[in-house]
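One structure is given here, and the rest of the page talks about it.
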Amino acid sequence: RWVLNLQCKGSRNFLSALRRAVEVDFKDKDKHKSQGLYLLITGIPDQEAHTLSAYVAEVCRGFDLQLHICLFSVVEDVGSRGVLPARYANPAETASALKEIVQAAKGRFHWFGEAGIFESDDITIIVSEMEKANNYSQKCAFLVESLKQRA
């Protein structure tokens, strides 16, 4: 269920947006059945990751809530629009900081860009399940073959 669309109006004030979402969505939590928040972001938040991680861990635990983050990397010149962000980090540093926040929230992280998917917790889980299935299949084939040889 989609409850709220918060835009930071040109900044990446993650903490302010999260506080608004939590206050709006959960002050009457009996009326709302949200189980997750999805943050769509294009760069590093204005606040430090450890500060956000601590806040997110507390909020998500108190409301049985998960925060999921989708990072969309756009290749552009810093300041190409004439405005420098409050904080800047390269894409790998940004992804690392956002993953730290997601882990504190027990959510999922997805990173994509114009070239496609760079990283996705969902895809990682699917690939892991496929590898397990393949491993079990190989073990079963080995077991069947050894039983045939005994017979």
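Position 1 is the first residue of the sequence, and the numbers go up from there.
- Put simply, the side chain of S128 never gets that close to the backbone of T124: no donor and acceptor are under 3.5 Å apart.
- N13 approaches Q47 most closely through the heavy-atom pair OD1-NE2, 2.7 Å.
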Under 3.5 Å, side-chain donor or acceptor atoms of residues 141-149 against the rest of the protein: list the pairs with distances, not counting sequence neighbours.
from: S146; atom 1: OG; to: F142; atom 2: O; distance (Å): 3.4
from: S146; atom 1: OG; to: L143; atom 2: O; distance (Å): 2.9

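- Other members of the cluster containing M130 are I126, with ILVMFWY side chains joined at under 4.5 Å, either directly or via other members.
- With hydrogens and angles left out, the side-chain atoms of S73 and W111 include a donor and acceptor closer than 3.5 Å.
- With rounding to the nearest 0.5 Å, the separation of CZ in F14 from CD1 in I41 is 7.0 Å.
- Residues passing the side-chain contact (heavy atoms from CB on, under 4.5 Å) test with L40 are C70, sequence neighbours excluded.
- Partners of D121 by salt bridge (charged side-chain N to carboxylate O under 4.0 Å, His left out), not counting sequence neighbours: none found.
- Linking ILVMFWY side-chain heavy atoms closer than 4.5 Å, directly or via other members, places F118 and L71 in a single hydrophobic cluster.
- Cation-pi geometry between R19 and Y55 is met: under 6.0 angstrom from the ring centre, within 45 degrees of the axis.
- The stretch residues 128-143 participates, sequence neighbours left out, in these salt bridge (Lys or Arg N to Asp or Glu O under 4.0 Å) pairs: E129-K132.
- Within the 3.5 Å criterion, the main-chain N or O of N90 finds a donor-acceptor partner in the side chain of E93.
- In this structure H110 satisfies the ring pair (Phe, Tyr, Trp, His ring centres under 6.0 Å) test with no other residue, sequence neighbours excluded.
- Atom CD1 of residue I69 and atom OG1 of residue T94 lie 11.0 Å apart, to the nearest 0.5 angstrom.
- With hydrophobic clusters built from ILVMFWY side chains whose heavy atoms lie under 4.5 angstrom apart, I44 does not share a cluster with V56.
- With sequence neighbours excluded, the residues satisfying side-chain contact (heavy atoms from CB on, under 4.5 Å) with Q66 are H68.
- Heavy atoms only, all atoms of each residue included: I117 and S120 are closest at CG2-CB, 4.1 Å.
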Please list every donor-acceptor pair under 3.5 Å in which a side-chain atom of residues 97-109 meets a protein atom from a residue at least two apart or in another chain.
from: K99; atom 1: NZ; to: E119; atom 2: OE1; distance (Å): 3.4
from: K99; atom 1: NZ; to: E119; atom 2: OE2; distance (Å): 3.2
from: E100; atom 1: OE2; to: S53; atom 2: OG; distance (Å): 3.4
from: R108; atom 1: NE; to: D122; atom 2: OD1; distance (Å): 2.6
from: R108; atom 1: NE; to: D122; atom 2: OD2; distance (Å): 3.4

